[in-house]
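Below you'll find the structure, written out as structure tokens, and then a few comments.
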Amino acid sequence: MLERIVVKWDPPFVLELEDKIAKRGYFGKGEEIILTDFSKRLKRELEKYFKGRPTDFRWVSIEYPSKFERILKEVRKIPFGKTVTYGDLAERLETSPRVVGAALRMNKVPVIIPCHRVVAKRGLGGYSYGVEIKRKLLSLEI
DNA sequence: TTTTACTGGTCTG
DNA sequence: CAGACCAGTAAAA
């Protein structure tokens, strides 16, 4: 059974889960469907996050895209308020910056996998959901 | 300062 | 299958 958490923000953040696994997230409208204590807890954490309080989502299990799991797991280690460059991650994982970008593009659960904390060496870098949202998420974490 | 090569996937025809 | 398209960067031109 699908559950959907909606957190008030501008734009609203929507996260869908199934059996305690985060499957998809996006920014926009959505009807809220919450059933389990697990998703209630997760919603409270998300509300805390969007108020700008330091929060950690490493306890949440995620359905990763087929490839790139290795890269996305590394991204999850980036703490609240800190940023890393595509190049740094590429070096650490022995791949190329383009590939890191490709991996982040496949991220289905923004915020839970904090891909907005990965920036270009000079400048902000891209963001699937729009760079304005990336900027806003980063400004939350100052 | 602009162009090129490198990279490893996904998406489309 | 082949070719186009990327959330980047260093090095050559």
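All of these numbers come straight from a predicted model, not from anything done at the bench. We name chains A, B, ... by the order of the sequence lines, and we start the count at 1 in each one.
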Nearest to the side chain of [X], which nucleotide is it out of [options]?
X      : options              : result
A/T95  : B/dG8, C/dA7, B/dG9  : B/dG8
A/K67  : B/dG8, B/dG9, C/dA10 : B/dG9
A/S96  : B/dG8, C/dA7, B/dT7  : B/dT7
A/R98  : B/dG8, C/dA7, C/dC6  : C/dC6
A/V99  : C/dT9, B/dG8, B/dT10 : B/dG8
A/M106 : C/dT9, B/dG8, B/dT10 : B/dT10
A/C115 : B/dG9, C/dA10, C/dA7 : C/dA7

Item to complete: Would you please classify the geometry between the A/F27 ring and the A/F13 ring as parallel, tilted or perpendicular, with 30° and 60° separating the classes?
Response: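 Because their plane-to-plane angle lies in the 30° to 60° range, the rings of A/F13 and A/F27 count as tilted.
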
Worksheet item: Aromatic rings A/F50 and A/W9: how do their planes relate, parallel, tilted or perpendicular, breaks at 30° and 60°?
Response: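 Rings of A/F50 and A/W9: tilted, 30 to 60°.
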
Nearest-Å distance, [atom1] ([X]) to [atom2] ([N])?
X      : N      : atom1 : atom2 : result
A/F27  : C/dA7  : CZ    : P     : 16 Å
A/Y86  : B/dT7  : OH    : C1'   : 15 Å
A/F68  : B/dT7  : CZ    : C1'   : 10 Å
A/K108 : C/dA7  : NZ    : P     : 18 Å
A/I71  : C/dG8  : CD1   : P     : 14 Å
A/E94  : B/dC6  : CD    : C1'   : 16 Å
A/L104 : B/dT7  : CG    : C1'   : 15 Å
A/N107 : B/dT10 : CG    : P     : 14 Å

Item to complete: Determine: side-chain N/O of A/R105 to OP1/OP2 of C/dA7, distance under 4.0 Å, yes or no.
Response: yes

Discussion item. Check this for me: does the side-chain of A/Y127 come within 3.5 Å of the base of C/dA7 through a donor and an acceptor?
Written reply: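 Per atom types, no contact qualifies.
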
Worksheet item: What distance, rounded to whole Å, do you find between the two P atoms, one in B/dT2 and one in C/dA7?
Response: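 That atom pair is separated by 22 Å.
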
Item to complete: Using the P atom as the reference point in each nucleotide, state the distance between C/dA4 and B/dT4 in Å, no decimals.
Response: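 Taking atom P in both C/dA4 and B/dT4, they lie 16 Å apart.
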
Discussion item. Can you tell whether the side chains of A/E31 and A/R4 come within less than 4.0 Å, N to carboxylate O?
Written reply: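 Result for this pair is no, no salt bridge flagged.
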
Practice prompt. For residues A/T36 and A/E3, report the shortest heavy-atom separation together with the two atoms involved.
Written response: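 Where A/T36 meets A/E3 most closely, the heavy atoms are OG1-OE1, 3.0 Å.
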
Worksheet item: Between A/E45 and A/T55, does any side-chain donor sit less than 3.5 Å from a side-chain acceptor?
Response: no

Item to complete: Would you tell me whether A/Y86 and A/E91 have side-chain atoms, one donor and one acceptor, within less than 3.5 Å of each other?
Response: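 The criterion, which ignores hydrogens and geometry beyond distance, is not satisfied for A/E91 and A/Y86.
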
Discussion item. Would you say that A/E18 contacts A/M1 through its side chain, given a criterion of any heavy-atom pair below 4.5 Å between the two side chains?
Written reply: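 When only atoms from C-beta onward are counted, A/M1 and A/E18 do not touch, as no gap falls below 4.5 Å.
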
Item to complete: Name all stems that contain residues of DNA chain C, defined as runs of 3 or more consecutive Watson-Crick or G-U wobble pairs, both distances under 3.5 Å.
Response: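 Stems for DNA chain C, defined as runs of 3 or more consecutive pairs: B:1-6 with C:8-13, B:8-13 with C:1-6.
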
Worksheet item: Do the side chains of A/V75 and A/W59 join up, straight or via other hydrophobic residues, at under 4.5 Å, putting them in one cluster?
Response: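 Yes, same cluster.
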
Worksheet item: For DNA chain C, whose closest nucleotide is more 5', that of A/S128 or that of A/K121?
Response: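 Result: A/S128.
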
Item to complete: Answer with base, sugar-phosphate or nothing: what part of the nucleic acid does A/A120 contact at a heavy-atom distance below 4.0 Å?
Response: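 If one applies the 4.0 Å heavy-atom cut-off, A/A120 turns out to touch the sugar-phosphate alone, with no base involved.
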
